[in-house]
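These notes are about the structure you will find just below.
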Amino acid sequence: MNKRTLIFSTLLLVTMAMHAQGPIWERVKTLKVAFITERIDLTSEEAQQFWPVYNEHEETLERIRKKERFELFSNISNAQNLTNSESEILLDNIMTLQQEKLKAEESFLLKMRKIIPAQKVLLLLKAEEDFKKQMIHQFRKRKGGGG
């Protein structure tokens, strides 16, 4: 298993575990907000515009992720039994969702560039990545995997 697959699998498991444990998911969201706030040092004016756009983007991504999980878990585990036509449809659906995600990311970045300076947009992207790494590390530590 390559590193990228391992990270994706871990994130998927963490996400599923968090969804199953609602209050924990809310706590993670709160920690993420604090983490991002500290890292990008928003002014109060920036924060007033930033958080509604950021939260809307997170909701959009979550809707896309739910669709992806539905497509993947309901169909891909049975891929060997799908007809070629069914496989083509599933693959098209997955590619469409990837395009939706890409468009959402592009739209988000364009909106953010109008709200905060480019440097803070880059700090946001780094903060999100650092937060994911921290979550993976915590997950592994709790499961006894070191890391």
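Start at 1 with the first residue, then count along the sequence. No hydrogens, no waters, no symmetry mates; every other heavy atom, side chains included, goes into these values.
Looking only at atom types and distance, the side chain of Thr30 has no donor-acceptor partner in the side chain of Arg27 under 3.5 Å away. With hydrogens and angles left out, the side-chain atoms of Tyr54 and Lys32 include a donor and acceptor closer than 3.5 Å.
The CG atom of Leu82 sits 11.0 Å away from the CG atom of Leu91 when rounded to the nearest 0.5 Å.
A continuous path of ILVMFWY side-chain contacts below 4.5 Å connects Leu31 to Met135, so both sit in one hydrophobic cluster.
Looking at heavy atoms from C-beta onward, Trp51 lies in side-chain contact with Thr37 at the 4.5 angstrom threshold. Proximity of Glu56 to Phe108: side-chain heavy atoms (C-beta onward) are nowhere separated by under 4.5 Å. Residues Gln49 and Ile115 meet the side-chain proximity criterion, which asks for heavy atoms closer than 4.5 Å. Looking only at side-chain heavy atoms (C-beta outward), Lys132 and Glu129 come within less than 4.5 Å of each other.
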Given the rule in the salt bridge (Lys or Arg N to Asp or Glu O under 4.0 Å) test, do Arg65 and Glu68 qualify, once you have shown the distances and angles that lead to the verdict?
-> CA-CA 5 Å; Arg65 284 190 288 264; Glu68 280 180 320; over 6 Å; no
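Shortest non-hydrogen contact noted between Arg39 and Ala127 is CB-CB, 3.7 Å.
None of Val28, Ile36, Ile136 except one satisfies the side-chain contact (heavy atoms from CB on, under 4.5 Å) rule with Phe131; the exception is Val28.
Salt-bridge annotation for Glu46 and Lys120: present, with a side-chain N of the basic residue lying under 4.0 Å from a carboxylate O of the acidic one.
Sorted pairs that involve residues 78-100 and meet ring-ring contact (aromatic ring centres under 6.0 Å, His included), not counting sequence neighbours, are lacking altogether.
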